[in-house]
Amino acid sequence: MSATDTTVSTTTHADIHRYDPQAVEPKWRAAWKDAAIYRVDDGDPKPKWYSLTMYPYPSGVLHVGHWYAFAVPDVFARLQRMRGYNVLFPMGFDAFGLPAENAAIRNNIHPATWTFENIAQMEHQYDLMGAMIDWSRKVVTCDPEYYRWNQWIFLQMLERGLAYRAGGSVWWCPNDQTVLANEQVLEGNICERCGAEVHKRDLEQWYFKITDYAEELLRDLDGLDWPERVKTMQRNWIGRSEGARLSFRLETGDELEVFTTRPDTVFGATFMVLAPEHPLVATITTDEQRETVEAYVQQARDTSEIERQTTDAAKKKTGVFTGAYAINPVNDERIPVWIADYVLMTYGTGAIMAVPAHDTRDFAFARAFDLPIRVVIQPEDQETLDAATMAEPYVGPGRMVNSGQFDGTPVPDGLPQVIAWLDEQGRGTAEVTYRLRDWLISRQRYWGTPIPVVYCDDCAMVPVPEEQLPVELPLDAAFTPTGQSPLVSHESFLNTTCPRCGGAARRETDTMDTFVDSSWYWFRYTSPHFNAAPFDPAKAAPWSPVDLYCGGIEHAILHLLYARFFTKVLRDIGLTEEDEPFKRLRNQGMILAAEGTKMSKSRGTQVGPDELVARHGADALRLHLMFLGPWEQGGPWNDRGITGMERFIRRAFQIVSEVGERRLDGEAPDKDVAALRSLTHRTIRRVTEDIDDFQFNTMIAALIEFTNELMKLRDQPVAQTASWREAAETLTLLMAPSTPYVAEEMWSRLGNAFSVHQQTWPVFDAALATVETVEIPVQINGKVRDKIVVETGLAQDALLAAAKASERIQEQISGKTVIKEIAVPGRLVNIVVR
RNA sequence: GCGGGCGUGGCGGAAUGGCAGACGCUGCGGACUUAAACUCCGCUGGGGAAACCCGUGCGGGUUCGACUCCCGCCGCCCGCACCA
């Protein structure tokens, strides 16, 4: 044992400056908790900063993707705090939804049990990560204290006509046994949740009238600091089109309305096309055509949406003639009315005027069925278009021809004239249409917010009075999906009394889409237990809007559009004055499994952080994830390189840790001190700017370079001076947001008072951050031939002279003619010779 | 088809039009160690003994100078997808 003792004592001595995350992390985690250093105080007079990260689904355990998504916002929030902001950086759980229900069914456990167990586990994992979360503000959406306010907002919307029930053709997922919103259908007919093929069904459902806000949702995008691609996706999804609504009289006497963005081509309309589902189809079809038309309508209905919608250039247009004719209102021509599946009932009026000469689809249809084509727009400075020979439609600008009084009118400039005339004639009006559809919010599943209305035989649909909220989701329901809500078979939930007449009534059994929960949750963090409204406007106002919102790009449309819609509704209700919820948005890329595919729990390709933390420490994992590459890019996971982060942490720790033992009253040459201070201040600048620019990988590179330089200097005289302490302290502070644990330990080893996370972020001194000399490459004909060291800020002429003084350069120039000399101060010199 | 993004060593990646490959990993060599791990030092795009030459998907162009800007291709990824 005595031999062992010796070993232990020497090892201990040697290891004093060796960082051990396993010993240090739990210590500081406990200290932070005891001192409640992350507790956010509403009354703090400092300027506010609201940093929000998309709350996770409590799916079980955190994987490295969660860490990736969360580490960066955590670093940013910590920086803002050190900069002197009062930072709100909350977290919660998006706890309702299908996965809980499905997992519950699979494991024969109640969704609530499953969910709350997962939340406890995940909360612990966030703490392991060293996240700066104030858990006292936690929001859990399956808590009645939360979802009662979904119901309250629903009732407000119902009162304002923004929530309504309507029948219609809706998407149905046969696997999840529920309807879906348009936004939740991918690639034409794939369920966003489970990947099953979905199809249409005619059902009566609940909707939110998001279309009322289409224009505002589109317009307000302009003022947001969001990634351009997200704004583009939202613009496309809203799909605003300007044009006109035109009315065509049918020979049957019916009026057929169409929407067109090209009213200037109305003189070229040579036929009309209705969607197969158009209500007029049945009434206008002639007896001779009835059989053909009915067969086509049936076929269209049976053809899966994906087949119908795929725009394969080779896909042939199909359709049939109804036997009916319309009169073109501008030239009184008799034109045939067809039906075809390329016209969609869900857009515009479900009917079009076909102008084959100037529309790609109409052109293909006309060619396929040998329908007339008439040119009415002639491009300028080009050969006259000939309908008989043209190989493709002309869709560009030009002048109107074959258009009566409008001949010669330029388009698109002349469009307003045409619309004005149509309006005068009573044939049409200017109209704007949107692709955006109302949001279908009812679901036939169990684990969600009950929709707070009842149906009474006498009073019909009656809203549940506000004071009876919440309508609680019964925890003892049999929730296996059957195609209708499981609540239908829960007698005591279903049967109730009518709030209006007191008679027998049935509750609505559908639950709300979980995207309702996430459409306002960030307001709730500002007053998580407020019980008079969804949130306390007085508390929310000072924090609003969210300054920085971070999350996955997969929410570019769904959640972010709904959240914007809700904000505008809540504004109109009077709960907030904000028009927009999230001022600045940043999306992280996705961390994929090593083989480049999406990480999947079921395929076992999900990488968990716990083992990595145990082996390398939380700080090293945080750094590794940030160092992988640009945060907005994502990429396949690998753990190569995490050792590099560990090495960096150890080196930084060692340097700082030794400082505590030094007297730091030594002397060193002035230029060495100046060089060290310059390095320190340049590093402050780099790290600060990189975080502000969301360039976390290069931010870490700057920290590593700083540490490597210090490592080289630690035996030099300059390491015995006060500027060495400045360097060590600065390194510690700069590391604090990224590596909260080791930075705390370093701060403590420096002999400073707890906590490093309550210190002020260092500010660089521009004068100190300069360098005295700079190395300038000297090129001959664009190739580097020498490098000269000159004073920083040396002017152009002097720089050129210095370059030409170089022997190597003189050799290169001698005997040649100098054609051009370029000298860029601080950059380079290039001499062009021949 | 339309819209957006990307393409750089063995790998992840860096580079306001100005020294391509910062930083990290890997690999190789060395020091320390009884030994290993850890740590430390050096080298690490290709060719060449060297001077140098070649090199950022391909082909052109602008420029004293292009990974960066422009034009035309090729490949990959994402979004939308008959939106009248």
Side-chain angles (χ1 to χ4, degrees), chain A residues 14-15 18 186-188 227-237 239-241 243 258-263 265 273 275 306 308-315 317 340-344 346-355 358-362 364-365 433-436 553-554 556-557 589-590 596 623-624 627-630 632-648 650-651 654 695 697-705 707-708 711-712 775-787 819-824 826-833:
Chain A
D15 280 358
R18 190 184 157 77
L186 309 175
E187 294 162 39
E228 209 47 53
R229 66 169 168 157
V230 174
K231 295 207 267 184
T232 304
M233 281 163 75
Q234 292 218 352
R235 283 191 191 104
N236 292 343
W237 188 262
R240 183 183 196 274
S241 287
V258 300
F259 173 75
T260 177
T261 54
R262 294 294 305 272
T265 63
V273 188
I306 191 84
R308 226 182 111 169
Q309 288 190 349
T310 302
T311 313
D312 191 345
K315 196 205 166 198
K317 290 275 182 286
D341 64 6
Y342 82 90
V343 173
L344 309 174
T346 50
Y347 185 77
T349 64
I352 61 156
M353 64 170 197
V355 185
H358 307 293
D359 179 276
T360 318
R361 297 145 302 179
D362 298 346
F365 194 80
T433 58
Y434 301 89
R435 214 184 70 113
L436 183 68
I553 186 72
E554 68 274 17
I557 294 176
M590 201 188 299
L623 286 180
H624 176 61
F627 196 63
L628 273 175
E632 316 209 341
Q633 186 179 299
W637 163 256
N638 72 72
D639 57 9
R640 294 186 310 274
I642 194 166
T643 64
M645 298 302 111
E646 273 184 284
R647 280 178 199 153
F648 157 64
R650 275 200 289 262
R651 287 155 69 91
Q654 182 165 2
Q695 291 173 355
N697 53 340
T698 53
M699 178 273 286
I700 293 165
L703 289 173
I704 294 173
E705 282 175 57
T707 303
N708 290 347
M711 205 69 189
K712 286 180 196 157
E775 191 185 63
I776 302 283
V778 182
Q779 302 180 331
I780 300 295
N781 292 345
K783 292 193 190 288
V784 179
R785 293 302 179 211
D786 198 11
K787 292 179 182 184
I819 295 171
K820 193 162 186 173
E821 297 167 332
I822 297 105
V824 184
R827 280 292 178 194
L828 60 30
V829 175
N830 187 16
I831 300 172
V832 185
V833 299

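Chain identifiers are assigned alphabetically (A, B, ...) following the order of the sequence lines, protein sequences preceding nucleic acid strands; residue numbering begins at 1 within each chain. Just the heavy atoms: all of them, side chains too, but no hydrogens, waters or symmetry mates, feed the values below. Computed from a predicted structure; not experimentally measured.
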When all nucleic acid strands are considered with a 4.0 Å heavy-atom cut-off, which category describes [X]: base, sugar-phosphate, or nothing?
| X | result |
| --- | --- |
| A:Arg785 | sugar-phosphate |
| A:Pro630 | sugar-phosphate |
| A:Leu628 | sugar-phosphate |
| A:Glu821 | nothing |
| A:Ile822 | base |
| A:Lys783 | sugar-phosphate |

[X], nearest nucleotide to its side chain (from [options]):
| X | options | answer |
| --- | --- | --- |
| A:Glu705 | B:C23, B:A14, B:C64 | B:C23 |
| A:Phe627 | B:G24, B:C80, B:G18 | B:G24 |
| A:Thr260 | B:A84, B:C82, B:C64 | B:A84 |
| A:Thr698 | B:C23, B:A14, B:A81 | B:A14 |
| A:Ala701 | B:A14, B:G18, B:A22 | B:A22 |
| A:Tyr347 | B:A84, B:G18, B:C64 | B:A84 |
| A:Arg435 | B:G24, B:C64, B:A81 | B:A81 |
| A:Leu344 | B:C82, B:C19, B:G13 | B:C82 |

Smallest separation among heavy atoms of A:Arg262 and A:Met353, with atom names: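 The answer is O-CE, 3.6 Å.
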
B:G59 glycosidic torsion: syn (within 90° of 0) vs anti: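 Because its glycosidic torsion lies more than 90° from 0, B:G59 adopts the anti conformation.
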
RNA chain B: stems of at least 3 consecutive Watson-Crick or G-U pairs whose donor-acceptor distances fall under 3.5 Å: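 Paired runs of 3+ in RNA chain B: B:1-7 with B:74-80, B:10-12 with B:23-25, B:27-31 with B:39-43, B:45-47 with B:52-54, B:57-61 with B:69-73.
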
Under 4.0 Å protein heavy-atom contacts per nucleotide of nucleotides 38-48 of chain B, with B for base, S for backbone only and - for none: SSSS-------

C1' atoms of B:U56 and B:C19, separation to the nearest Å: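 Looking at atom C1' only, B:U56 and B:C19 are 15 Å apart.
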
Span that lies between the C1' atom of B:A49 and that of B:A37, in whole angstrom: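 Pairwise C1' distance, B:A37 against B:A49, rounds to 40 Å.
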
Nearest-nucleotide 5' precedence on RNA chain B, A:Ile352 against A:Gln779: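 Checking each residue's closest nucleotide, the 5'-ward one belongs to A:Gln779.
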
side-chain hydrogen bond (donor to acceptor under 3.5 Å, both in side chains) partners of A:Gln234, counting only residues at least two apart: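 Residues passing side-chain hydrogen bond (donor to acceptor under 3.5 Å, both in side chains) with A:Gln234: A:Arg564.
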
A:Arg18 vs A:Gln654, side chain to side chain contact (heavy atoms under 4.5 Å, CB included): CA-CA, chis, key distance, verdict: CA-CA 6 Å; A:Arg18 190 184 157 77; A:Gln654 182 165 2; over 6 Å; no

Which atom pairs link the protein and nucleotides 28-32 of chain B when you take only N or O atoms and keep those under 3.5 Å?
none

Please list, for nucleotides 3-11 of chain B, all pairs of protein and nucleotide N/O atoms separated by less than 3.5 Å.
from  : atom 1 : to       : atom 2 : distance (Å)
B:C11 : O2'    : A:Arg640 : NH2    : 2.6

Check the interface with nucleotides 66-70 of chain B: list each N/O to N/O pair with the protein under 3.5 Å, or write none.
none

Parallel, tilted or perpendicular: ring planes of A:Tyr342 versus A:Phe365, cut at 30 and 60 degrees: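 Ring orientation, 0 to 90° scale: tilted.
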
